[in-house]
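This report refers to the structure that appears directly beneath it.
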2 protein chains.
Amino acid sequence: MARPTLVSLARELGVSRQTVSNVINAPHLVKTETRERVQAAIEASGYRPNVAAQALRNRRSMTLAMRMHPTLEDGINGAIRDRFLHHLVVAARAQGYSLLLTTADSFDDEVDVLTEMHVRGTIDGCVLTDTHAGDSRPSRLVANGVPVAAFGRPWGHDERHPWVDVEGWRGTHAATNHLLEAGHERIGFIGWPGNSDTGVDRRTGWERAMAEHGYGAETGRWQAERVDQIEQGMEAAEKLLDEGVEAFVCASDSLALGALEAVRRRGFEGLEAPVIGFDNTPVARAMGLSSLDQPVEQAAEVLCRQLVARIAASQDATGSVEDEHVLLEPTLVVRELAEMYAPVED
Amino acid sequence: MARPTLVSLARELGVSRQTVSNVINAPHLVKTETRERVQAAIEASGYRPNVAAQALRNRRSMTLAMRMHPTLEDGINGAIRDRFLHHLVVAARAQGYSLLLTTADSFDDEVDVLTEMHVRGTIDGCVLTDTHAGDSRPSRLVANGVPVAAFGRPWGHDERHPWVDVEGWRGTHAATNHLLEAGHERIGFIGWPGNSDTGVDRRTGWERAMAEHGYGAETGRWQAERVDQIEQGMEAAEKLLDEGVEAFVCASDSLALGALEAVRRRGFEGLEAPVIGFDNTPVARAMGLSSLDQPVEQAAEVLCRQLVARIAASQDATGSVEDEHVLLEPTLVVRELAEMYAPVED
DNA sequence: TTGTAGGCGTTATCAG
DNA sequence: CTGATAACGCCTACAA
């Protein structure tokens, strides 16, 4: 027994296929009596419109795509991506869209893959993540006519596409203030080497807060740059502790975990360790490390809305919409150190 | 300038659209000369077949779906899911399929959502994860005519669908043997409370290895059951250490991290901690904890192959294929504890 | 309010 | 080897 179609339903009911279609897409056009009869038949038969036919006819696939980056050191870490992805799917669904996952070997390849999908009508638009300085993906995709929305601002470029980003500096700023208010004075910062935009951004918040409290002169001495590993964090923290630093804001949870270990070994007062990480990873939660949480849920939602608006604009040919550029703020999650990791007594 | 179609290309070249189609799908039917002329035009114009039209015509969307579970305690953890997903996308792509992500509020809802997608022609089949005892999803989906392949065996049921699973017990068995060979004698096991199938499976490997080495009588005393948290693992380990246990195999990395801390505090010889976790999470890697790695890449690949075969069978109506049931083995990843976490000296 | 007609872009079948 | 014809299932004008 084949699946019912508009035509088969219409035939059975003795009406035209158009009437059935109207019952679904423009019920107000159909006489109540007919409508109810048709609706009953639709439900009884379990009829569902075929998406391929709709896509062909409407020229929209109601599908978005996003590249699944291989887990990289410097990209969004696994846990965050997992959360982001989940919310993205939910947000897309809420707008009637599906999310398709893709892979690519490189950023260049990503542009090709996404463009191809768009040309073939597989997707209506795409989400970009892991933006970086000099990232040419957005402009190239836009040039190819592919609607784009990015998670991450276009560092240094003034791109013509909507994006959402999290203002890391506001997070580290809040974290620094929190430590200062808790009575600590010499707050250090452990960040990444090089001038990655995210890295500079996160350090800036600390610098600013310190300057605001009259420690501007010390920000040169009280900071360290290490690659993103626990051990590196610990080593850096020990060096800074020797210089008199007593609390730490870190660019990542990995570095923070290292700093935490260093701090534990020297002991500290109270239940809350004077160390704050970034990204609020599961480990941080498990150990009781305070951390900055990125509002990925909200980011996913905004991103989706932007993208859908962009798609609508690109199809209505009503011209361009105002590109939204949204900045969100991380939330400081304060925790007490898990008992088992309480500082080692001297 | 609209995108080229078969018709527009055909018109330009003065051939029929069918010929153009043949050049793409059945080149051998076309005279070399014509073929080359058409091919040149295709490349020059950047023509790409429209997937909606293909899907409509071929009645296959070349798309698979998988539910994105909200991160749960007992499900696949974030990091593993991330890896699995990535490989699934790659494997699907290799077979010409795309992967669509979905959400659902419950297992029941998941069946509805996936069935709906299949009825509407959005997807050709789906992947199931987080299978559990009494899981009715596979049979219901199969009943609805949706091709299915599951990551996780149908615990206790003899389902008629292909699946792949990882034999946890072989992992813990190998881990236990490794510790025994390293000279430890009294190996304990820290697992989860209750009788979750995965939990029992993982414990079984340890029990078996212990029995094989003449410690069968001790497996009752040398094990503990705790909820999956670091602190619980530590507490359990301390209790067992007091009973004379000297090394641990754990059902998860969380429990193992706790056990590791307990072991550190008492000190141990060598660089390799006498603790082995499960799932090879990033934290384990960072801290230098030995762990059992699930072959998710291979699982994704096999799963995809199974599903595609299943789809083909469901469409050729050639009857049913032999359902494959594949069991894979975890790999023991032995690590030396990160220097900074070296045991505390007495 | 309902029905008719045309077309979205592709592929399979069959005749030339 | 090539081309004409007929769907695949849906939606939007437009006509009745």
Side-chain angles (χ1 to χ4, degrees), chain A residues 1-39 41-42 45-62 96 116-122 124 315-316, chain B residues 2-39 41-42 45-62 96 116-122 124 315-317:
Chain A
M1 200 150 49
R3 250 180 244 314
T5 69
L6 275 190
V7 187
S8 77
L9 268 181
R11 222 177 4 228
E12 264 178 45
L13 292 167
V15 298
S16 81
R17 66 186 180 194
Q18 182 52 27
T19 302
V20 182
S21 173
N22 280 337
V23 168
I24 295 171
N25 300 309
H28 59 280
L29 292 180
V30 184
K31 188 166 62 179
T32 315
E33 192 188 300
T34 324
R35 187 190 336 145
E36 283 168 358
R37 196 162 63 91
V38 174
Q39 242 151 10
I42 288 178
S45 67
Y47 169 77
R48 312 262 75 191
N50 178 296
V51 293
Q54 285 180 321
L56 182 58
R57 173 67 233 225
N58 300 334
R59 304 161 136 271
R60 2 165 65 242
S61 61
M62 301 308 282
E116 161 101 7
M117 290 185 124
H118 185 252
V119 168
R120 299 197 53 177
T122 310
D124 294 336
Q315 295 194 333
D316 296 357
Chain B
R3 247 179 245 317
T5 69
L6 276 188
V7 186
S8 76
L9 268 182
R11 219 174 8 227
E12 265 178 45
L13 292 167
V15 298
S16 81
R17 65 185 176 196
Q18 183 53 29
T19 300
V20 182
S21 172
N22 280 338
V23 168
I24 296 170
N25 300 307
H28 58 280
L29 292 180
V30 184
K31 188 165 61 179
T32 314
E33 191 189 300
T34 322
R35 186 188 338 142
E36 281 167 357
R37 196 161 61 92
V38 174
Q39 242 151 10
I42 288 177
S45 68
Y47 166 78
R48 313 263 74 189
N50 178 296
V51 292
Q54 285 181 320
L56 181 59
R57 174 69 233 218
N58 299 335
R59 304 159 136 273
R60 0 167 69 239
S61 61
M62 300 309 281
E116 162 101 8
M117 291 185 122
H118 185 250
V119 167
R120 299 197 55 178
T122 310
D124 294 336
Q315 296 193 333
D316 297 355

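Chain letters run A, B, ... following the sequence lines, proteins first and then strands; every chain starts at 1. Hydrogens, waters and symmetry mates are skipped; everything else that's a heavy atom, side chains included, is used.
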task = Using a cut-off of strictly less than 4.0 Å, decide whether A/Asn25 has a side-chain nitrogen or oxygen near OP1 or OP2 of D/dC11.
result = yes
key: Base of D/dC10 paired with side chain of A/Arg57 (donor-acceptor, under 3.5 Å)   = no
request  = Describe the nucleic acid contact of A/Val7 in one word from base, sugar-phosphate, nothing, applying a heavy-atom distance below 4.0 Å.
outcome  = nothing
task = Using a cut-off of strictly less than 4.0 Å, decide whether A/Ser21 has a side-chain nitrogen or oxygen near OP1 or OP2 of D/dC11.
result = yes
Residue mapping more 5' on DNA chain C - nearest nucleotide basis, A/Leu29 or B/Arg48 = A/Leu29
task = Remember a base hit wins even if backbone is also touched, and classify A/Gln54 as base, sugar-phosphate or nothing at under 4.0 Å, heavy atoms.
result = sugar-phosphate
ask   = Should B/Ser16 be listed as having a side-chain N or O under 4.0 Å from OP1 or OP2 of D/dG3?
value = yes
ask   = Are any of A/Arg59's side-chain N or O atoms less than 4.0 Å away from OP1 or OP2 of C/dG9?
value = yes
task = May I ask you to verify if any side-chain N or O of A/Thr19 is less than 4.0 angstrom from the OP1 or OP2 atom of C/dT2?
result = no
inquiry  = Within the 4.0 Å heavy-atom criterion, would you say A/Asn22 contacts the bases, only the backbone, or no part of the nucleic acid?
reply    = nothing
Side chain to side chain, B/Val38 and B/Leu13, heavy atoms closer than 4.5 Å = yes
query = With a 4.0 Å cut-off on heavy atoms, is A/Arg17 in touch with a base, just the backbone sugar-phosphate, or nothing at all?
reply = base
ask   = So do A/Val15 and A/Arg37 actually touch side chain to side chain, heavy atoms under 4.5 Å?
value = yes
